2 protein chains.
Amino acid sequence: MHKSPHPHRGRRSRGRRRAEDGTWRVKPPLTPLIEPALLLALRDGTAHGYDLADQIADYLGLKRIDHGNLYRGLRRLEEEGIVTSQWNDGDLGRSKRTYALTDTGESLLETWAEALQFTQERLSALLDSYERKS
Amino acid sequence: MHKSPHPHRGRRSRGRRRAEDGTWRVKPPLTPLIEPALLLALRDGTAHGYDLADQIADYLGLKRIDHGNLYRGLRRLEEEGIVTSQWNDGDLGRSKRTYALTDTGESLLETWAEALQFTQERLSALLDSYERKS
DNA sequence: TGACATATATGTGTTTCACATATATGTTAC
DNA sequence: GTAACATATATGTGAAACACATATATGTCA
């Protein structure tokens, strides 16, 4: 972590790009679901960051989720009192940080669920509207 | 557009905030649907930016969508060949720019629809999983 | 010992987003 | 007639989100 040239990495643009043959490639918008998925995963029990990455990727149908952002996100959730963590040094393997959901976190998950139901309704309406006259 | 102090505007954070009474307020993630909604609106005929703002807000159940970002977005879509536009000076009222979907734009809309179906499946799965053990 | 998986972490440029303001014109009420 | 408001397009801008890269340490397995 000192120099990092990063010369010219291809531009990213609103989740879409055109392939060589002119057809479009778009990414299904899933990143806003990562935090809710994470809270949901923790509702079923404690977990480490690395486990959570796998579980969330599985929930969301992603090959992998970005570890850097996940760990940063977890620390932020902890700052906000949504999760708590503690180190497990005694175990075999590299020491891990075990995360658990707080009461505040559970209430946030409930609120997320309501909000996502709204999103789901609107998304369905949008897709219905698309199908209705294609 | 010269000085703009903007001293300290309340922090925004992952679409959530805590209300005074400790309960959570979260915003349903809808902004990724704005571009698809816009293309869909244009599939049914030409429209001005201002009209589109209303139609999209209606589709998505938003009070209003941000005009600044909408107009910038439209110009970008035009640069990318997804929409075309022309001024209507002759009409009454302030002159308007009328947008229309190109063939490329229509093909992008198709691709968006497929991607959003995937998002919908995952979102449903997530919400089902939430309901299954609450 | 070398390759790979587990596990956590920071670096960092680009894009997205929300909020604010500028500008011009048409409409309605007082 | 003018103030208030709606229509219509546009730019400014800082913060947050995102994607991609790298650093570091340890365990496993061939």
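Proteins get letters first, then strands, A, B, ... in listed order; numbering begins at 1 in each. Since the structure is predicted, the reported quantities are computational estimates derived from the model, not experimental observations.
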Which whole-number value in Å describes the distance from [X] [atom1] to [N] [atom2]?
X     : N      : atom1 : atom2 : value
B:L60 : C:dC17 : CG    : P     : 12 Å
A:Q86 : C:dT8  : CD    : C1'   : 16 Å
A:R64 : D:dC18 : CZ    : P     : 18 Å
A:I65 : D:dA19 : CD1   : C1'   : 12 Å
B:L30 : C:dA18 : CG    : C1'   : 15 Å
B:Y99 : D:dA10 : OH    : C1'   : 10 Å
B:K27 : C:dT16 : NZ    : P     : 18 Å
B:L70 : C:dT16 : CG    : P     : 15 Å

[X] side-chain proximity, nearest of [options]:
X     : options               : answer
B:P32 : C:dC17, D:dA10, C:dA9 : C:dC17
B:H67 : D:dT9, D:dA19, C:dA18 : D:dT9
B:K96 : D:dT11, D:dT9, D:dA17 : D:dT9

Identify, with sequence neighbours excluded, every residue that meets side-chain contact (heavy atoms from CB on, under 4.5 Å) alongside [X].
X      : result
B:R122 : A:L30, B:F118
B:E114 : none
B:S107 : A:W24
B:E78  : B:V83, B:S85, B:R97, B:Y99

* **Heavy-atom neighbours of B:D128 CG exceed 12 at 6.0 Å** => yes
* **Option from A:L62, A:L40, A:L38 for which side-chain contact (heavy atoms from CB on, under 4.5 Å) with A:I56 holds** => A:L38
* Scan for ring-ring contact (aromatic ring centres under 6.0 Å, His included) pairs involving residues 26-69 of chain B, sequence neighbours excluded, and state none if there are none. => B:Y50-B:H67
* To do: Compare side-chain N and O positions of A:Y71 against OP1 and OP2 of C:dA9 and report whether any pair is under 4.0 Å apart.
  => no
* To do: Taking only the side-chain nitrogens and oxygens of A:R75, find out if one of them lies under 4.0 Å from OP1 or OP2 of C:dT10.
  => yes
* **Donor/acceptor link under 3.5 angstrom from A:N69 side chain onto base of D:dA19** => yes
* Asked: With distance as the sole criterion, do the side chain of B:D66 and the base of C:dC19 form a donor-acceptor contact below 3.5 Å?
  -> yes
* Would you classify A:R72 as touching base, sugar-phosphate or nothing, given that sugar-phosphate means primed atoms plus P, OP1 and OP2, and contacts are heavy atoms under 4.0 Å? => base
* Asked: Is there a residue in residues 44-57 of chain B whose heavy atoms reach under 4.0 Å of DNA chain D, and which residues are they?
  -> B:H48, B:G49, B:Y50, B:D51
